[in-house]
Amino acid sequence: MEHNNRIPMPSPEERQAAIRRIARQATDKSPPLWLHLPLSALVFGVEDCLFLAVLLAFAPAALAFMPAESYAEHLTAVLFLTSPLLYAAAHGLTMWKESLNGTLEWKRTCRLPLQTLMALRMLLFGGAAVLVCVPVNLLLWRASGGALPLVRVLGVSFSSLFLHAALSLACRKLWWGAAVPAAVWVLAGTWALYGNSRAADLLPQIPTAVFFLLAGAGLALCAGQLRTMLRNPNKGGFIYYAFR
């Protein structure tokens, strides 16, 4: 009976074959699994959040129906404040919804790490924000009668969006990190528009080239952080998710 209960051990040939198989899988140069992830997997369960974020991003277009003189003077500050609306709203709403309904639990059992899914989703939100904020800002520029040069409008929009995205990624390790960039943006924008006349006068005086430099710096920071999240998914993460 004792002989029958013993666990059969692999032969030396079987062990060597298993070692070669593991080594071959470790050095496999096949494309990453996330390249084959469908778009539906990124927005599954949060389609309504993305829809609401898009509606919110189109809200500044309502200024086009107002007299141009009512906002043309502060067009730079308005563009800088409203350009990240879609990205911030989509990121914040999805985090809030998934923390409430517990869908993150089953995502932790997927073959792809949660960090990778979050990085891909933020790439999606960033691309959607560019596609929405550019036509909205162009509409405001046209309705204002060309109060600013078109190149400056694009520079302000891109710098605001990419800096906000970089700040969001930098704050992902903080508790309630998703709320920090939004709070900073709202407080800074309100202060520039209403709280300090010098700040309101300073923003329009910033050269257009500086806005493009800020946009490039923000984009580079985003690309670097997202690359790290995709290549090293277990290095760092969203602390808010972990605690929930």
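Counting begins at 1 with the first residue of the sequence.
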Between atom [atom1] of [X] and atom [atom2] of [Y], what is the distance when rounded to the nearest 0.5 Å?
| X | Y | atom1 | atom2 | answer |
| --- | --- | --- | --- | --- |
| F162 | L221 | CZ | CG | 12.0 Å |
| F80 | F211 | CZ | CZ | 6.5 Å |
| T76 | Q205 | OG1 | CD | 10.5 Å |
| S160 | L79 | OG | CG | 9.0 Å |
| M229 | M122 | CE | CE | 6.0 Å |
| Q16 | S11 | CD | OG | 10.0 Å |

Joint hydrophobic cluster, [X] plus [Y], side-chain heavy atoms closer than 4.5 Å:
| X | Y | result |
| --- | --- | --- |
| V136 | V156 | no |
| L131 | L150 | no |
| L124 | V132 | no |
| L219 | L120 | yes |
| L85 | M66 | no |

For residues [X] and [Y], report the shortest heavy-atom separation together with the two atoms involved.
| X | Y | value |
| --- | --- | --- |
| L75 | S144 | CD2-OG, 3.6 Å |
| L161 | G126 | CD2-O, 4.4 Å |
| R152 | T208 | NH1-OG1, 3.3 Å |
| S83 | C133 | O-CB, 3.8 Å |
| A119 | L226 | O-CD2, 3.8 Å |

Does [X] reach the side chain of [Y], with side-chain heavy atoms less than 4.5 Å apart?
| X | Y | answer |
| --- | --- | --- |
| V134 | F158 | yes |
| F125 | L50 | yes |
| P207 | V210 | yes |
| V78 | P60 | no |
| L55 | F51 | yes |
| L169 | C222 | yes |
| L163 | L214 | yes |

- Task: For the pair H164 and Y87, name the ring-plane relationship: parallel under 30°, tilted 30 to 60°, perpendicular over 60°.
- Result: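 Rings of H164 and Y87: perpendicular, over 60°.
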
- Task: Kindly indicate, with the supporting measurements, whether the criterion side chain to side chain contact (heavy atoms under 4.5 Å, CB included) is fulfilled by L86 and L56.
- Result: CA-CA 7 Å; L86 191 151; L56 182 61; over 6 Å; no

- Message: Test side chain to side chain contact (heavy atoms under 4.5 Å, CB included) on F212 and V151; report intermediate values, then the result.
- Response: CA-CA 10 Å; F212 277 101; V151 176; 3.5 Å; yes

- Query: Between the side chain of W141 and the main-chain N/O of L148, is any donor-acceptor distance below 3.5 Å?
  - Reply: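 A pair under 3.5 Å: yes.
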
